[in-house]
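The structure under discussion appears below in the form of structure tokens.
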Amino acid sequence: MMQPGHGMAPPTMGQQPPQQYQQPPPQQPYVMMQPQQPPAMWAAQSAQPPQQPASADEVRTLWIGDLQYWMDENYLYTCFGNTGELTSVKVIRNKQTSQSEGYGFIEFNTRATAERVLQTYNGTIMPNGGQNYRLNWATFSAGERSSRQDDGPDHTIFVGDLAADVTDYLLQETFRARYNSVKGAKVVIDRLTGRSKGYGFVRFADEGEQMRAMTEMQGVLCSTRPMRIGPATNKNPAATTQPKGCQEALSSRSLELISAEMVTILVHVLA
DNA sequence: CATGAGCGG
């Protein structure tokens, strides 16, 4: 539902937002923005809904992330109200502190409008924010998050020392120029400031290209700075085979410190 | 220097 008036005063931290959104947006302040570049989404999974949920006939809600703390429902209404088909906006907040969790949902009259907004806004700059919109189809709370991975496992590298102006798109294209299996790139954004944290991730479909890039791209310029490449800690363990059963579990790293006594107990239990 | 935001009602 639309709930104006929940706007929080921005926290007292160095950077104040240039404006608060306590008033409904003016009549026609914003024009539909044309993308300056192809959508700078993480992954190519932006344009498609994850999967048609069994029950719903059409998904008309978008998930929006990378919100700064002061970006409330009124702000979202200001951003998307000009479509004339915005039916609800919501910012998810912490129940105790009421502080924004940095994401929300925007729902439209029709799926077509939602799709148009996704295609048109994604990767373009947010008003007053400085960072790009990060939009995707909303999923249902049941949340089978893992089935989102389209085609096989990801091979991801960490990229540090990024200049402040490096975007998802630039990072992606810097690698795509040399490696055609690049699936996407993501620059990590600081929620407090909306600015780059100076590091990010690049995903490859091909493991060989990932490994080549680890050495070949070391020190290569992206924007104005040489990149530092490192291995990415695996956030997606589903891509690799997981240990199953007792034998593998006992040899896995988490159980290496198991004591002799515990092994004895285990043996008794299993006997 | 540094290892991602992560789906409500």
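Quick note on labels: first sequence line is chain A, next is B, and so on, each numbered from 1.
- The side chain of A:Tyr103 sits closest to B:dC7 out of B:dA5, B:dC7, B:dG4.
- Legend: residues meeting side chain to side chain donor-acceptor pair (under 3.5 Å) with A:Gln210, ordered by chain and number and at least two apart, are absent.
- For the residue pair A:Asn109 and A:Thr87, no side-chain donor N or O sits within less than 3.5 Å of a side-chain acceptor on the partner.
- The side chain of A:Asp161 has B:dA2 as its nearest neighbour among B:dT3, B:dA2, B:dG8.
- B:dG8 has A:Phe105 stacked on its base ring, the centres lying under 5.5 angstrom apart and the planes within 30 degrees of parallel.
- We find that CG of A:Asp66 is positioned 14 Å from P of B:dG4, with the value rounded to whole Å.
- Qualifying salt bridge (Lys or Arg N to Asp or Glu O under 4.0 Å) partners for A:Arg225, counting only residues two or more places apart in sequence or in other chains: none.
- Contact annotation: A:Lys186 side-chain N/O to B:dG6 OP1/OP2 distance is not under 4.0 Å.
- If A:Lys95 and A:Gly230 are placed on DNA chain B by their nearest nucleotide, the residue sitting closer to the 5' end is A:Gly230.
- One can place CZ of A:Arg134 at 11 Å from P of B:dG6, the figure rounded to the nearest angstrom.
- Going from atom CD of A:Glu101 over to atom C1' of B:dG9 covers 15 Å, rounded to whole Å.
- For the pair A:Leu118 CG and B:dC7 C1', the computed distance is 15 Å after rounding to whole Å.
- The pair A:Asp154-A:Arg203 counts as a salt bridge, with a side-chain nitrogen and a carboxylate oxygen less than 4.0 angstrom apart.
- The interatomic distance linking A:Leu67 (CG) with B:dG4 (P) rounds to 19 Å, in whole Å.
- Glycosidic conformation at B:dG4 (O4'-C1'-N9-C4 for purines, O4'-C1'-N1-C2 for pyrimidines): syn, within 90° of 0.
- Taking atom CD of residue A:Gln131 and atom C1' of nucleotide B:dA5, one finds them 12 Å apart after rounding to whole Å.
- Among the protein residues, A:Phe158 comes within range of the nucleic acid bases, having at least one heavy atom under 4.0 Å from a base atom.
- Screening A:Lys183, A:Met211, A:Arg212, A:Glu209 against A:Phe204 for a side chain to side chain contact (heavy atoms under 4.5 Å, CB included) leaves a single residue, A:Glu209.
- Nearest-nucleotide positions on DNA chain B for A:Glu107 and A:Leu162 put A:Leu162 closer to the 5' end.
- In this model, the phosphate group of B:dC1 is approached by a side-chain N or O of A:Arg228 to a distance below 4.0 Å at OP1 or OP2.
- What separates CG of A:Asn132 from P of B:dG4 is a distance of 20 Å, to the nearest Å.
- The nucleotide whose nearest atom lies closest to any side-chain atom of A:Thr61 is, among B:dG9, B:dG8, B:dA2, B:dG8.
- Rounded to an integer number of Å, the gap from A:Arg191 CZ to B:dA5 C1' is 7 Å.
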